[in-house]
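One structure is given below, encoded as structure tokens.
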There are 2 protein chains.
Amino acid sequence: MVSDNSSIVAALRKRIIDGHYAPGERLAEIPVAEALGVSRTPVRLAFRTLQQEGLLQRVGKRALAVRVFSPADVQCAIEVRGVLEGLAARLLAERGLDPKTRAALLDCLRAGETIVGMAQLSEESIGAWSEVNARFHATIVDADERRVIADAIARNNHLPFASADSIIIERGELDKAHQRLRIAQLHHRLVFDALESGESARVEMLMREHAQIGLRYDSLFKPIE
Amino acid sequence: MVSDNSSIVAALRKRIIDGHYAPGERLAEIPVAEALGVSRTPVRLAFRTLQQEGLLQRVGKRALAVRVFSPADVQCAIEVRGVLEGLAARLLAERGLDPKTRAALLDCLRAGETIVGMAQLSEESIGAWSEVNARFHATIVDADERRVIADAIARNNHLPFASADSIIIERGELDKAHQRLRIAQLHHRLVFDALESGESARVEMLMREHAQIGLRYDSLFKPIE
DNA sequence: ATAGCTACGATTGGATCCAATTTGTTTGGA
DNA sequence: TCCAAACAAATTGGATCCAATCGTAGCTAT
């Protein structure tokens, strides 16, 4: 049971990401509409949205199917997010940090470092850090009054793995996760310092590297000081 | 009178870009449907698409209006295109030029240099060069079998000024245009050389600079040899 | 006179109906 | 036995109908 239209899109996205609809599986309007307890019209709208986002893909002439992503696709989507967030960070550094953004970022840094500094990590704290991480990225991206970059990133965030809050982490391997989060948190600190000192080229490079953390968390970063 | 759905989107896009619907103007479903000679349903689908593309924007709670772009928005959209095409070029350089892509790019280079080399430019030849330019960019972007970057760029190309074929040029100022095209054509040559020699970092930088040509055509480029 | 509330009109969102197209299956012929 | 053609079933796309909601205008009361 879903209420309004945007929640239908969200519900379908969730089902796709959760694997409820398998990659490659064909989606027809009527079964989906019945499953969601709505009529075909909003489902058609939602399909249109998801198709444009790239989560659904035409197969044959009329049918839609869940897009299958190869590992190479994932790598590529992460690169895209990296250059876009890098651009956002560079422009922010060039404009200079306004007090509000600076405060928000500092808040994220503090919250994140508190979590990461704990002796032992729980799954809850990993979730909490993920939330902080997402907020850190969103703050940088949304700092631009022109919504152009934010929109561009939003248009690509549909890819589950490409969104900033998907650092996640094989459940159970808490030690490895802790290590990874420590590195990511360090990245955040470096990014903030570069932002504050207006090192635009450097902050762009840092953000681009940081996007890769899901892939190479023992990354090229040389923690400086 | 419009036939299928995608042509409705195209028709509306054209009307918006042509200024038939002014920036900020509110668009209601019924008048548009009547103007196009179709029912409300396909118009709603098209509105959804255009909204996601960013050409339409919600105003208030339900209404849609043609988005107004500030000069800063334009600058920003061009930056976005720059980093995305830069990424595409870098990945292409890292993979190496396959013969087919290489041939296509060389063809663009030859065609473009022929036009630019003419003594006098006409508006037709500017149009022809524009087409070659668009093909050059598309070849680089589409060279990746993974459609991820191409899709990401396509999702942003709706902004009229942000698409690669909008180098254009105040009609009448043919001399200035000629000069600008010469520079752009030189950029293409530099990009190709860097691609061929696998200088991935350099080609990325070149593409990013090249995207700015509409703004600063007396750009940072130092024509090398 | 102004502010707030109510009611009506306009417009969007959802449901259902109808038409067109596609795809799969079955049957017949080579 | 295999291929092709035609038919049937399913599914998408378009049109219309109905309901819900938003915005505005007008009226009333303080």
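Chain A is the first sequence line, chain B the second, and so forth, proteins listed ahead of strands; every chain is numbered from 1.
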Given side chains that start at C-beta, do those of B/Arg26 and B/Leu64 come closer than 4.5 Å, heavy atoms only?
no
Looking just at side-chain N and O atoms, do A/Asn133 and A/Ser130 make a donor-acceptor pair shorter than 3.5 Å?
no
In whole angstrom, what separates [X]'s [atom1] from [N]'s [atom2]?
X	N	atom1	atom2	answer
B/Glu34	D/dT16	CD	C1'	14 Å
B/Ile8	D/dG14	CD1	P	6 Å
A/Leu56	D/dT12	CG	P	12 Å
B/Leu45	C/dG14	CG	P	12 Å
B/Phe47	D/dG14	CZ	C1'	16 Å
A/Arg62	D/dT12	CZ	C1'	4 Å
B/Arg48	C/dG13	CZ	C1'	10 Å

With no angle test and no hydrogens, is the base of C/dG13 tied to the side chain of B/Arg40 by a donor-acceptor pair under 3.5 Å?
yes
Do the side chain of B/Arg44 and the base of C/dG14 come within less than 3.5 angstrom through a donor-acceptor pair of N or O atoms?
yes
Salt-bridge criterion met for [X] and [Y] (N-O under 4.0 Å):
X	Y	result
B/Asp151	A/Arg155	no
B/Arg135	B/Asp107	yes
A/Arg208	B/Glu204	yes
B/Lys100	B/Asp98	no

Of all the nucleotides listed (D/dG23, D/dG14, C/dA15), which has the minimum atom distance to the side chain of B/Pro42?
D/dG14
A/Ser39 or A/Lys61, whichever maps to the more 5' nucleotide of DNA chain C:
A/Ser39
Sugar-phosphate only, base, or nothing, as touched by A/Arg58 at under 4.0 Å among non-hydrogen atoms:
sugar-phosphate
Do any of residues 23-32 of chain A sit with a heavy atom less than 4.0 Å from DNA chain D, and if so which?
A/Arg26, A/Leu27, A/Ala28, A/Glu29
Exactly one of A/Val43, A/Leu45, A/Leu55, A/Leu50 clears side chain to side chain contact (heavy atoms under 4.5 Å, CB included) with A/Val9, and that residue is A/Leu50
